[in-house]
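Chain A is the first sequence line, chain B the second, and so forth, proteins listed ahead of strands; every chain is numbered from 1. Because the structure is predicted, anything quoted here is derived from the model rather than measured.
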Number of protein chains: 2
Amino acid sequence: MTERAKIGFQDVRDVVLERIQNRVWSQGDLLPTEQELAEEFGCARATVNRALRELADRGIIDRKRKSGTRVAVSPVKQAKLEIVLTRQLVEDRNANYRYALVERKEETAPGWLASQLDLPMGAKVLHLRAMHYADNQPFQYEDRWINIAAVPKVVDADFTTVGPNEWLLGEVPFSNAELTFAAVPADDELSDYLACAKATPLFQMERTTWFRSQPVTFVRMSFHPGYQMRSQY
Amino acid sequence: MTERAKIGFQDVRDVVLERIQNRVWSQGDLLPTEQELAEEFGCARATVNRALRELADRGIIDRKRKSGTRVAVSPVKQAKLEIVLTRQLVEDRNANYRYALVERKEETAPGWLASQLDLPMGAKVLHLRAMHYADNQPFQYEDRWINIAAVPKVVDADFTTVGPNEWLLGEVPFSNAELTFAAVPADDELSDYLACAKATPLFQMERTTWFRSQPVTFVRMSFHPGYQMRSQY
DNA sequence: AATATCATTATGTCTATACATAAGAGGATA
DNA sequence: TATCCTCTTATGTATAGACATAATGATATT
């Protein structure tokens with residue numbers, strides 16, 4: 001028997017996506033209404049609604065009340081970039097992870113940092129410098145500032161065994177962040193810690209983190225020469 | 001009157017998120033069932049379901065049939081990285097965009113490319129090299145290979161006025177891709193085109209694109225010295 | 001003790017119905 | 001022509017009820 005199973009929202013979603021990919025509906029085209037699609041597929045409008053909502057979330061289609069649903073003109077491609085702990089990055093390569101604290105110092109936020117984190121004048125910060133190793137090879141140099149006002153308990157953490165990232169993940173697990181990526185030449189300090197020649201190109205990632213609009217931390221991570229970051233969409 | 005508006009799924013979502021952030025429910029904790037939450041909020045179970053589904057999509061909670069809903073132990077942080085056209089990157093900086101084709105050549109895929117794109121031996125590719133300028137300053141050098149079998153029409157496109165990225169977006173608007181980022185030293189060619197000293201650190205992004213499991217294109221984009229890429233989550 | 005069976009339970013999904021809301025279309029008015 | 005109004009329409013959301021499904025835990029069997 002060709003007794004076919006009932007149509008679910010995933011079926012609708014996939015068929016609609018396929019039609020868009022096959023140019024049955026081209027960029028900018030108006031799709032049938034939910035009602036019409038529901039009739040075509042023999043399902044409830046709510047089912048079509050969920051299917052189309054998912055496609056809209058993915059940026060495949062644009063929806064507007066009264067106007068209807070259109071195939072997105074310029075599909076907003078956005079890559080998902082998994083933010084993982086350095087420990088995990090290292091262990092994913094089947095390498096042995098080692099962490100070492102270089103320096104721990106309480107200080108007043110320098111001007112550039114106060115500006116970066118939007119801190120008041122004279123705000124207290126904890127400045128940490130640390131190294132991450134993969135099989136005892138330098139993997140990443142970490143330069144971090146933590147807003148003490150946002151995480152008062154940080155003054156009691158010594159960070160000799162647990163890295164600041166892991167510690168913060170436990171204290172402030174849900175936060176927003178802004179990232180920047182760049183290529184920079186190794187300066188004296190970086191070339192020293194990362195065991196490379198001066199001016200070697202290094203991949204650098206900076207991250208500013210907030211929790212409920214309050215600045216928490218700014219970190220600059222410099223990776224060993226040749227490091228590649230991966231992502232997909 | 002304290003006549004409060006009816007509870008919607010967004011309210012439920014936000015209240016649950018707030019409780020998680022406030023550690024009312026900590027990492028790994030079991031949340032009340034949908035039924036219980038629906039009773040608490042005075043709404044239908046479907047409403048709670050949608051609220052929790054959104055939080056699950058964001059990686060805030062984990063849900064499993066019969067077991068229930070738990071606060072995610074290691075919230076998967078993932079940054080959203082908008083993939084934009086080079087033209088847009090330039091114009092977003094209020095700079096004048098200019099594109100120039102450097103070379104266009106049909107060839108058989110070299111071994112490393114066949115391997116990268118998973119192409120059969122002797123597959124035909126179109127090799128393009130191009131420059132993107134911002135206010136007539138070198139902005140990005142683009143080195144691209146397109147799988148002719150996947151996009152036969154590409155042999156008729158001359159790419160003198162429209163860049164390959166924009167052209168492909170029109171032809172293959174929906175695709176998957178894998179990205180890698182790295183810092184590399186400028187070689188002779190890059191230092192020439194990007195007007196910088198040899199060995200200058202350059203931010204480089206590589207992208208491999210598929211459409212329905214068929215490899216479409218591989219591109220290596222090298223940015224001018226000092227370029228920063230931004231993202232957030 | 002190990003394995004198969006079955007009831008239970010929380011989530012996953014679908015449906016029909018209802019009402020809310022944004023926004024386009026047309027007409028009336030100034 | 002420009003502005004305001006109402007009507008209409010497609011999407012957005014809520015609901016009660018139903019059944020599906022995965023996973024757990026208990027029970028019975030080997």
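Distance from the side chain of A:Glu34 is smallest to D:dG12 among D:dG12, C:dT15, D:dT13. Considering only side-chain atoms of A:Ser67, the nucleotide from C:dC14, C:dG24, D:dT13 that sits closest is C:dG24. In this structure, of D:dT11, C:dC14, D:dT9, it is D:dT9 that holds the atom nearest to the side chain of A:Lys66. For B:Ala44, whose side chain is taken as the heavy atoms from C-beta onward, the closest listed nucleotide among C:dG24, D:dT15, D:dA23 is D:dT15. Closest approach to the B:Lys64 side chain among D:dT15, D:dT11, D:dA23 is made by D:dA23 (side chain taken as heavy atoms from C-beta onward). The nucleotide whose nearest atom lies closest to any side-chain atom of A:Arg63 is, among D:dT15, C:dG12, D:dT11, D:dT11. With D:dG12, C:dT13, D:dT15 as the choices, the nucleotide that has an atom nearest any side-chain atom of A:Phe9 turns out to be C:dT13.
B:Leu81 has its side chain within reach of B:Phe181: a pair of non-hydrogen atoms, C-beta onward, lies under 4.5 Å apart. Counting heavy atoms from C-beta on, the side chains of B:Val216 and B:Glu171 never come closer than 4.5 Å. In this structure, the side chains of B:Glu34 and B:Val12 stay at 4.5 Å or more apart for every pair of heavy atoms.
For the pair A:Arg98 and A:Tyr133, the cation-pi criterion (under 6.0 Å, within 45° of the ring axis) is fulfilled.
Phosphate proximity of D:dT11 to A:Thr69: present, with a side-chain N or O under 4.0 Å from OP1 or OP2. A close approach under 4.0 Å does not occur between any side-chain nitrogen or oxygen of B:Gln10 and OP1 or OP2 of D:dG12. Not one side-chain nitrogen or oxygen of B:Gln35 sits closer than 4.0 Å to the OP1 or OP2 atom of C:dT11. At least one side-chain nitrogen or oxygen of B:Thr47 sits closer than 4.0 Å to the OP1 or OP2 atom of D:dT15. For the pair B:Asn49 and C:dT13, the criterion of a side-chain N or O lying under 4.0 Å from OP1 or OP2 is not met.
Between the side chain of B:Arg65 and the base of D:dT21 there is at least one donor-acceptor pair of N/O atoms closer than 3.5 Å. Not a single donor-acceptor pair, N or O on each side, falls under 3.5 Å between the base of C:dT17 and the side chain of A:Arg45.
Across all strands, A:Glu36 comes closer than 4.0 Å to no nucleic acid atom at all (heavy-atom distances).
In this structure, A:Ile7 atom CD1 and C:dC14 atom C1' are separated by 12 Å, rounded to whole Å. Distance A:Leu37 CG to D:dT11 P: 8 Å, rounded to the nearest Å. Atoms CZ (B:Arg50) and C1' (C:dA10) sit 21 Å apart, rounded to a whole Å. In this structure, B:Leu30 atom CG and D:dA23 atom P are separated by 16 Å, rounded to whole Å. Put simply, CG on A:Asp62 is 18 Å from P on C:dA22, counting in whole angstrom units. Residue A:Glu39 contributes atom CD, which lies 13 Å from atom P of C:dT15 at whole-angstrom precision. The interatomic distance linking B:Asp57 (CG) with C:dG12 (C1') rounds to 13 Å, in whole Å. Here D:dT15 presents its P atom at 11 Å from CG of B:Asp11, a figure rounded to the nearest Å.
A side-chain donor from one of A:Thr69 and A:Arg63 sits under 3.5 Å from a side-chain acceptor of the other.
Each of B:Leu119, B:Ile146, B:Thr217 was checked for a side chain to side chain contact (heavy atoms under 4.5 Å, CB included) with B:Val125, and the lone residue meeting it is B:Leu119.
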